[in-house]
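Just the heavy atoms: all of them, side chains too, but no hydrogens, waters or symmetry mates, feed the values below. Order of the sequence lines sets the chain letters (A, B, ...), proteins ahead of strands, with each chain counted from 1.
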2 protein chains.
Amino acid sequence: MTTARAGRARSTRQGVAVESLLEASSGFRSAQDLHAELRRRGDAVGLTTVYRHLQSLVDGGSVDMLRTVDGEALYRQCADSRHHHHLVCRRCGTAVEVSGQAVERWAGAVAREHGFTDVDHTVEVVGTCGECSAGPAPSS
Amino acid sequence: MTTARAGRARSTRQGVAVESLLEASSGFRSAQDLHAELRRRGDAVGLTTVYRHLQSLVDGGSVDMLRTVDGEALYRQCADSRHHHHLVCRRCGTAVEVSGQAVERWAGAVAREHGFTDVDHTVEVVGTCGECSAGPAPSS
DNA sequence: CGTGAACTGGTAACGGTTTTCATCTGCAGC
DNA sequence: GCTGCAGATGAAAACCGTTACCAGTTCACG
Ligand SMILES: [Mn+2]
Ligand SMILES: [Mn+2]
Ligand SMILES: [Zn+2]
Ligand SMILES: [Zn+2]
C-alpha cells in the first residue's frame with residue numbers, strides 16, 4: 001500500500017546492478033554512461049536493459065529524468081519521493097534536492113491569474129558548487 | 001550597441017520567411033512544424049535552412065528554445081527580450097510570458113544557502129488555458 | 001522436472017538534428 | 001548595371017540517443 005512501485009515482477013542481477021549503481025551516484029547520469037561503467041566494472045548489462053530498468057524506475061517514481069539542452073536523457077535516484085526540485089552543479093553534476101514552497105505558490109498563483117488550470121511545473125537550478133569553485137581551475 | 005544580434009550577414013527570402021512565421025505564431029513550434037507550414041503555403045524553405053535560422057535566432061537571444069520530454073526542440077519568438085518564463089497550455093500550445101520576482105529570489109536564495117555560485121535556472125509552467133478547458137472535450 | 005510468463009540483449013529501425021558539399025545568390029565594390 | 005565571392009541554400013547522408021523487434025534465457029510455481 002505504501003510503495004506504489006510499478007516495478008518489475010522479478011528481481012534480476014541486471015536490475016539490481018542498474019538500480020544500485022544509480023543509487024551510489026551523486027548526480028544525474030545518462031543511460032549510456034551507466035551502461036559504460038557497468039561494462040567497465042565487469043558485470044555487464046545490455047544497453048537495452050539499462051534503458052528498460054531506468055524507465056521502470058521513472059514510472060515507479062523513485063527516479064527523476066530530465067533532458068539536457070542537446071536532447072540527452074539524464075536520470076537520478078531521488079532520496080525524497082515527494083515533489084521537489086534540484087540544484088545541480090554544472091561542473092561536477094552533483095545535485096542537491098530542494099523543496100520550494102515559494103515556487104509552488106508562485107506557479108499556482110501565476111496560473112490562476114491567467115485562467116489556467118491543472119497546473120504543473122518544472123524548475124531546475126544550475127550553478128557551480130562550493131567544492132568546484134574552490135577546486136582546480138578548468139585549465140586544459 | 002543596443003541590438004546584440006548575432007544574426008546572419010545577409011537578408012534572404014528564407015530567413016525572412018522563418019522569422020516572420022515564428023513571429024506570427026502564438027506558442028512554441030517545432031522546426032519540422034514550421035517547415036511543413038512554409039511548404040504548405042507555397043514559399044518553401046529547406047528543412048536544414050529552417051534549423052539554421054532558428055539556431056541563429058536563439059543565439060541572438062530573440063527566440064527561446066526548450067526540449068519536450070521526448071527530446072524535440074521547440075522554438076518561440078519572445079515579445080520580451082528580458083529574462084522571463086512561460087505559462088504554456090498543454091492543449092493548444094499558447095504561451096503567456098510571465099516574470100517571477102518570487103522565483104528569481106527563491107532560486108538565488110536556495111543556491112546561496114548551499115554554497116552555489118553563478119546560478120542560472122529554468123522554469124516552465126504548463127496547464128490548461130481557460131479557452132481550452134471551456135472548449136470542446138477531447139473526445140475522439 | 002516441465003511449463004510459461006518475465007526478462008535479456010544483439011541487431012535493426014526510428015526520428016530529430018547536424019554535417020557535408022555542390023550549387024546558388026545577395027551585395028559590396030567597381 | 002556588371003562581377004566576384006563570401007555567405008547562404010538544400011538534398012542527401014551521417015549522426016546519435018532511444019526504441020522496437022524477436023529469438024534465446026531465466027525463474028517461480030505446480
Ligand atoms: Mn515545484
Ligand atoms: Mn527566472
Ligand atoms: Zn561541483
Ligand atoms: Zn489552450
Nearest-angstrom distance from the residue atom [atom1] of [X] to [atom2] of [N]:
{"X": "A:Leu74", "N": "D:dC16", "atom1": "CG", "atom2": "P", "value": "17 Å"}
{"X": "B:Phe28", "N": "C:dG16", "atom1": "CZ", "atom2": "C1'", "value": "18 Å"}
{"X": "A:Gln55", "N": "D:dA20", "atom1": "CD", "atom2": "P", "value": "10 Å"}
{"X": "B:Glu19", "N": "D:dA8", "atom1": "CD", "atom2": "P", "value": "14 Å"}
{"X": "A:Arg67", "N": "D:dG17", "atom1": "CZ", "atom2": "P", "value": "12 Å"}
{"X": "A:Leu54", "N": "D:dG17", "atom1": "CG", "atom2": "C1'", "value": "13 Å"}
{"X": "B:Asp33", "N": "C:dG16", "atom1": "CG", "atom2": "C1'", "value": "14 Å"}
{"X": "A:Asp70", "N": "C:dG16", "atom1": "CG", "atom2": "C1'", "value": "13 Å"}

#### Entry: All salt bridge (charged side-chain N to carboxylate O under 4.0 Å, His left out) counterparts of A:Asp70, not counting sequence neighbours
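Counting only residues at least two positions away or on another chain, A:Asp70 forms no salt bridge (charged side-chain N to carboxylate O under 4.0 Å, His left out).
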Tell me whether the OP1 or OP2 atom of [N] has a side-chain N or O from [X] closer than 4.0 Å.
{"X": "B:Arg8", "N": "C:dT25", "result": "no"}
{"X": "A:Gln14", "N": "C:dC7", "result": "no"}
{"X": "A:Tyr51", "N": "D:dT19", "result": "no"}
{"X": "B:Gln32", "N": "C:dG15", "result": "no"}

### Query
Does the side chain of A:Cys78 reach to within under 4.5 Å of the side chain of A:His84, using non-hydrogen atoms?
yes
### Query
What string of B, S and - do you get for nucleotides 21-30 of chain D, 5' to 3', when a contact is any protein heavy atom under 4.0 Å?
-----BB---
Using the side chain to side chain donor-acceptor pair (under 3.5 Å) criterion, which residues pair with [X]? Sequence neighbours excluded.
{"X": "A:Ser25", "answer": "A:Arg29"}
{"X": "A:Arg76", "answer": "A:Glu97"}
{"X": "B:Arg105", "answer": "none"}
{"X": "B:Asp64", "answer": "none"}

### Query
Of B:Arg39 and A:Glu72, whose closest DNA chain D nucleotide lies nearer the 5' terminus?
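Its nearest nucleotide being more 5', the pick is B:Arg39.
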### Query
Reckon B:His53 touches a base, only the sugar-phosphate, or nothing at all at heavy-atom distances under 4.0 Å?
sugar-phosphate
### Task
Please name all residues satisfying ring pair (Phe, Tyr, Trp, His ring centres under 6.0 Å) with B:Phe28, sequence neighbours left out, ordered by chain then number.
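Result, ring pair (Phe, Tyr, Trp, His ring centres under 6.0 Å) vs B:Phe28: B:His86.
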### Message
Could you check whether any side-chain N or O of A:His35 sits under 3.5 Å from a backbone N or O of A:Val45, counting only pairs where one atom can act as donor and the other as acceptor?
### Response
yes
### Query
Just how large is the angle between the end axes of the helix from C:dC1-D:dG30 to C:dC30-D:dG1, five pairs per end, to 10 degrees?
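End-to-end axis angle for the helix from C:dC1-D:dG30 to C:dC30-D:dG1: 30°, rounded to 10°.
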### Query
Is there any salt bridge (Lys or Arg N to Asp or Glu O under 4.0 Å) pair reaching into residues 111-125 of chain B, and which pairs are they, with sequence neighbours excluded?
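Residue pairs passing salt bridge (Lys or Arg N to Asp or Glu O under 4.0 Å), neighbours aside: none found.
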